[in-house]
Amino acid sequence: MQRRSFMAASATAVATAASAASPSGKIRLGVIGGGRRGRSNLRSVLKLTEDIEVVAISEVFEPNLQLTLEMVPNARVYPDFRELIEADDIDAVLIATPDHWHAYMTVEACKAGKDVYVEKPISVTVHEGQMMVKAARKYDRVVQVGTQQRSGKHFQEAKDIVQSGRLGTISFVRTWNYSNAYPDGIGTPPDTEPPADLDWDMWLGPAPERQFNKNRFGVNPYSFAHFRWFWDYAGGMMTDWGVHLLDIVLWAMAEPGPRSISTYGGKYALIDNRETPDTIMASYEFPGFVCTYENRVANANAGGLPGYGIQFHGTEGTLYVNRGYWEITPEQRRNRGGGAENRMEAARGESRNPTTDDHWRDFVAAIRDRSKPICDIEIGHRSTAMALLGNVSMRSRQRVDWDPASETTNNKEAQTYLRSEYRPPWKLEL
Ligand SMILES: NC(=O)c1ccc[n+]([C@@H]2O[C@H](COP(=O)([O-])OP(=O)(O)OC[C@H]3O[C@@H](n4cnc5c(N)ncnc54)[C@H](O)[C@@H]3O)[C@@H](O)[C@H]2O)c1
């Protein structure tokens, strides 16, 4: 709030490093990836026309390029995002491509002096995330991660309740997403030639060369794209949604990361060509508490609770939070008369702000005063790493002991999943 009032007082007086060259004083934004999330970010950006001007777009799939241009008809089009990143008259970039591109594009944008809004999860491997943090620091860039829940007022209240101690000693935190796509899930389309209006090689980028498959590309007008369910590009629900939930856990519990991770899961029910599990349970050990992430894609029963959320289980009560509200359910104790009484007051708070809009406002404010945004890249990296480690444990079939300070494990099998090779000519270097 303090930063916001400072901003209001000196709105036009503050010439920023990033936008100094813009005659209008606005931040000139280039968009990389005009898919579903790219366009939903643009809906927030277009509410900030006093501060941001969308000047460029790069997209390798013509139908998504056209949909994006309908929103920002004056934007210049760059078929190759590298030219957008190099352009002198762009101050900041939005990276809303599939996950396997995030690290390369972020590092290159930082090198070119751009500020960055990069979607979650920030990376496909832990090593990529480490490189992104280093690039942001080395080139002194503002890098906001699209874990926008932290900009939600009711999420901030939930975090404050957890940190106030009102829930007592919190020994267990549970996070989950449940749905049911049984039996065919995303189906099993055959490999084919890529469509003529897609640059498949530029979509694959640093990922291994692979024949086109409709599901690997995954763009679908009726759902979020299916690239999420293939290891070369993403990490399944563990990272796609897990990162949003685990991000709030690390924030509220004021922890840098787990000390060990054990995950079980597999593809037990769905009959489709996805690679990521339809059932997973990751357990994270912290000093003083255990945290779990559970995902089921073949059974949606959430035991009377919504299909996703976070529960902080304390000795005095349980706090549940999702994107709509938070709610405290008190624990009970026996009173002298032999009855039961609540250990704390029940309470509830509703969501009161569109979080992505405010996440962009936060990004703008950070660019203007060159401060760290609310989901600075290091925060986004830690939350992404926690989610990625869930997959590392499952895929290596190991309990992974983890040092969150050095971000290392002595477990040799697990180490092989912390980093992957880029397909030439792509190189991740500072
Ligand atoms: N913060 C949130 O709540 C939230 C919600 C949904 C998605 N996301 C994230 O946003 C990202 C995009 O997800 P989506 O569902 O919009 O995917 P999508 O496939 O619909 O969109 C990605 C777009 O990037 C384009 N693209 C791929 N490679 C490119 C390149 N080299 N240059 C230019 N464009 C390229 C694709 O053609 C596609 O149009 C993912 O990382 C996802 O996790 C975040």
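For ligands, and for the atoms within them, numbers begin at 1 and follow the listed sequence.
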**Student:** Quick one: sort the Trp360 and Phe363 rings into parallel, tilted or perpendicular, breaks at 30° and 60°.
**Tutor:**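 Aromatic pair Trp360/Phe363 classed perpendicular.
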**Student:** Listed by chain and number, what are the side chain to side chain donor-acceptor pair (under 3.5 Å) partners of Tyr422, not counting sequence neighbours?
**Tutor:**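 With sequence neighbours excluded, Tyr422 shows a side chain to side chain donor-acceptor pair (under 3.5 Å) to Glu128, given in chain and number order.
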**Student:** Classify the side-chain pair Glu275/Trp229 by whether it contains a donor and acceptor separated by less than 3.5 Å.
**Tutor:** no
**Student:** Of all residues at least two apart in sequence or in a different chain, which pass the side chain to side chain donor-acceptor pair (under 3.5 Å) check with Asn177?
**Tutor:**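 Once residues adjacent in sequence are excluded, the partners of Asn177 under the side chain to side chain donor-acceptor pair (under 3.5 Å) criterion are Tyr293.
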**Student:** Under a 3.5 Å threshold, I'd like every N/O contact between ligand 1 and protein atoms, with atom names and distance.
**Tutor:**
unit_1	atom_1	unit_2	atom_2	d
ligand 1	1 (N)	Arg37	NE	3.4
ligand 1	1 (N)	Arg37	NH2	3.4
ligand 1	1 (N)	Glu119	OE1	2.9
ligand 1	1 (N)	Gly146	O	2.9
ligand 1	1 (N)	Gln148	OE1	2.9
ligand 1	3 (O)	Gln148	NE2	2.9
ligand 1	3 (O)	His244	NE2	3.2
ligand 1	15 (O)	Arg228	NH1	3.0
ligand 1	15 (O)	Arg228	NH2	2.9
ligand 1	16 (O)	Arg36	N	3.3
ligand 1	16 (O)	Arg37	N	2.7
ligand 1	20 (O)	Arg36	N	3.2
ligand 1	28 (N)	Trp101	NE1	3.3
ligand 1	31 (N)	Trp101	NE1	3.3
ligand 1	31 (N)	Met202	O	3.0
ligand 1	37 (O)	Glu59	OE2	2.5
ligand 1	39 (O)	Glu59	OE1	2.8
ligand 1	39 (O)	Glu59	OE2	3.1
ligand 1	39 (O)	Asn64	ND2	2.7
ligand 1	41 (O)	Thr97	O	3.4
ligand 1	41 (O)	Asp99	OD1	2.6
ligand 1	41 (O)	His102	NE2	3.1
ligand 1	41 (O)	Lys120	O	3.2
ligand 1	43 (O)	Lys120	O	2.8
ligand 1	43 (O)	Lys120	NZ	3.0

**Student:** Which residues pass the side chain to side chain donor-acceptor pair (under 3.5 Å) test with Arg43, sequence neighbours left out?
**Tutor:** none
**Student:** Does a salt bridge link Arg370 with Asp115, judged by any charged N lying under 4.0 Å from a carboxylate O?
**Tutor:**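 Salt bridge flag = yes for Asp115 with Arg370.
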